[in-house]
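Letters A, B, ... mirror the listed sequences (proteins, then strands); counts begin at 1.
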2 protein chains.
Amino acid sequence: MLSQSAPAVTEKRPAPLRTTSVPEAVYEALRESIVSIAEPPGAVFTETAIASRYGVARPTAKAALERLVAEGLLARRAHHSAQVPELSRHDIDDLYGNRAILEEEAMRHLALEGVVPVAALARHRELLENVRSDDRAALARADIDFHRALVLGQSSPRLAKMHGLLMGEIELCIGQVQSHQLIRPTDVAEQHQGILDAIAAGDAALAGRLTREHIFTARDRLLSKFDADHTVDRPEAP
Amino acid sequence: MLSQSAPAVTEKRPAPLRTTSVPEAVYEALRESIVSIAEPPGAVFTETAIASRYGVARPTAKAALERLVAEGLLARRAHHSAQVPELSRHDIDDLYGNRAILEEEAMRHLALEGVVPVAALARHRELLENVRSDDRAALARADIDFHRALVLGQSSPRLAKMHGLLMGEIELCIGQVQSHQLIRPTDVAEQHQGILDAIAAGDAALAGRLTREHIFTARDRLLSKFDADHTVDRPEAP
DNA sequence: TGCGACAACATTGTTAGACAAGTATGCATC
DNA sequence: GATGCATACTTGTCTAACAATGTTGTCGCA
């Protein structure tokens, strides 16, 4: 019941065949170093520095930077170097609020179609296998990949596009607020299982509600950590 | 009650001061010619052609094209010229379904804040003044500008960003399916007034419901026109 | 006539280098 | 100590060129 889509379907799309152009590769590398906070908030990226770091021409570096700026992973004013933005409390709230809206809708779609994307199942299994691992960052990534796979599996390309836009900043957010130190992987896995079951059962309302609650739980965890981190440094806060 | 924000607020943001760079100008010009279907679906845009048409360098034209591709206003495969995409029935459905979700949420935000953005009021007045005009295209634009102003007026920047992404394709959609020939401007104005009233009254549920219905009405009008246009040419359709 | 290989062309991908324009920084002056 | 200027840095834009890829048309051949 979990996969009404026949195996033939996965056969018909043999491979997305991700061909990688040079700007694409630079973009990926930069993106990775940003969301992993190898480059901390405030780090500056000049076009020439990126160009020489990766051995490409400046226009190529420029293209990669502009793409990151468009996604919100970098901020820059005219004639200034790009910088990794520091997300505020309001940003976290905004990010997760919109994420909840989008994913709730995506899960409702999936439930109405009654199809659980095979890619999401694979990601779920990955997370289950690593649930006893101590690599919290890897678990956070598995969590994100699971959600991405689910949204990618529903039928609205625009919904997936908008979700992808948000998830970039969400990853940055998770990196900056290292809240996955506190999270219990078993809880996450359980909630994921609940969502999958609701989708498979075709219960759109339940799938939507569970998704919303799951995301709000994550949001609240991040906000708590954020507040804790920011009241220590500022004893004069009310 | 309509504007709880003091005049001082508009004073604090003296002007967005829209400075226009060269690629920006090319982008705007191309975008306009696309959504106004001066360039019909299928029209090809080569980088060199754009560059010589506007008297700019090819990299400049390239940047403008890439931006349009990212927004879905142009489609292109690697090593091929960009083309204006032809939206399918499914695209229209997808576009308006997602638009409804986003705008419903935006109106709920506004209603909860109890603030009607002054820009939206101005747009509404514009539409009312031209309600007897025969310039249907201008009315369609006023309609879009009204919705844009409302969403821009609420407090979530990401919601506005995602909405902007959709609205580009929505404009293209409206251009390709010339359905505003059939629309009654007074109906549109009335529905807008209803939404504004609900927001001012702080009734989030009502504002959301009216918005959703308003958008679905528009969608159904487009779909009807689309079907009519496409069954004429294909008598063998079921 | 029909079909396949090959060659020429068109288009994008990427680079290099250069100059202009804008911004910030530091220094000298008052 | 505040102001104004000069300098350095960074981005904005252009010209030119070559490489890689996809398309098209032609030619020869069966």
Between [options], which one does the side chain of [X] approach most closely?
X        : options                   : value
Ala57(A) : dT15(C), dT13(D), dA17(D) : dT15(C)
Thr46(B) : dT10(D), dT11(C), dT15(D) : dT11(C)
Val56(A) : dT11(C), dT15(C), dT11(D) : dT15(C)

On DNA chain C, check which nucleotide each of Glu47(B) and Arg77(A) is closest to and give me the residue with the more 5' one.
-> Glu47(B)
Starting from the 5' end of DNA chain C, give me the residue, His80(B) or His79(A), whose nearest nucleotide shows up first.
-> His80(B)
Does [X] come within less than 4.0 Å of [Y], counting only side-chain N to carboxylate O?
X         : Y         : result
Glu103(A) : Arg108(A) : no
Asp143(A) : Arg123(A) : no
Lys225(B) : Asp229(B) : yes

What is the distance from [atom1] of [X] to [atom2] of [N], rounded to the nearest Å?
X        : N       : atom1 : atom2 : result
Glu24(A) : dT12(C) : CD    : P     : 19 Å
Lys62(A) : dT10(D) : NZ    : C1'   : 10 Å
Leu74(B) : dT12(C) : CG    : P     : 12 Å
Arg76(A) : dT10(D) : CZ    : C1'   : 10 Å
Arg58(A) : dG13(C) : CZ    : P     : 20 Å
Gln83(B) : dT12(C) : CD    : P     : 11 Å

Least distance between heavy atoms, Arg99(A) atom then Ile215(A) atom =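 The pair with the smallest heavy-atom distance is O-CD1, 3.9 Å.
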Can you tell me if the side-chain N/O atoms of Thr48(A) get under 4.0 Å from OP1 or OP2 in dC9(D)?
->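 Indeed not, no polar side-chain atom of Thr48(A) lies that close.
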Look at the side-chain N and O atoms of Ser81(A) and state whether any lies under 4.0 Å from the OP1 or OP2 oxygen of dT11(D).
->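 Indeed, a polar side-chain atom of Ser81(A) lies that close.
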Quick one: sort the Phe146(A) and His124(A) rings into parallel, tilted or perpendicular, breaks at 30° and 60°.
->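 Taking His124(A) first and then Phe146(A), their aromatic rings sit tilted (interplane angle of 30° to 60°).
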Check every strand shown and say whether Pro23(A) touches a base, only sugar-phosphate, or nothing at a heavy-atom separation below 4.0 Å.
-> sugar-phosphate
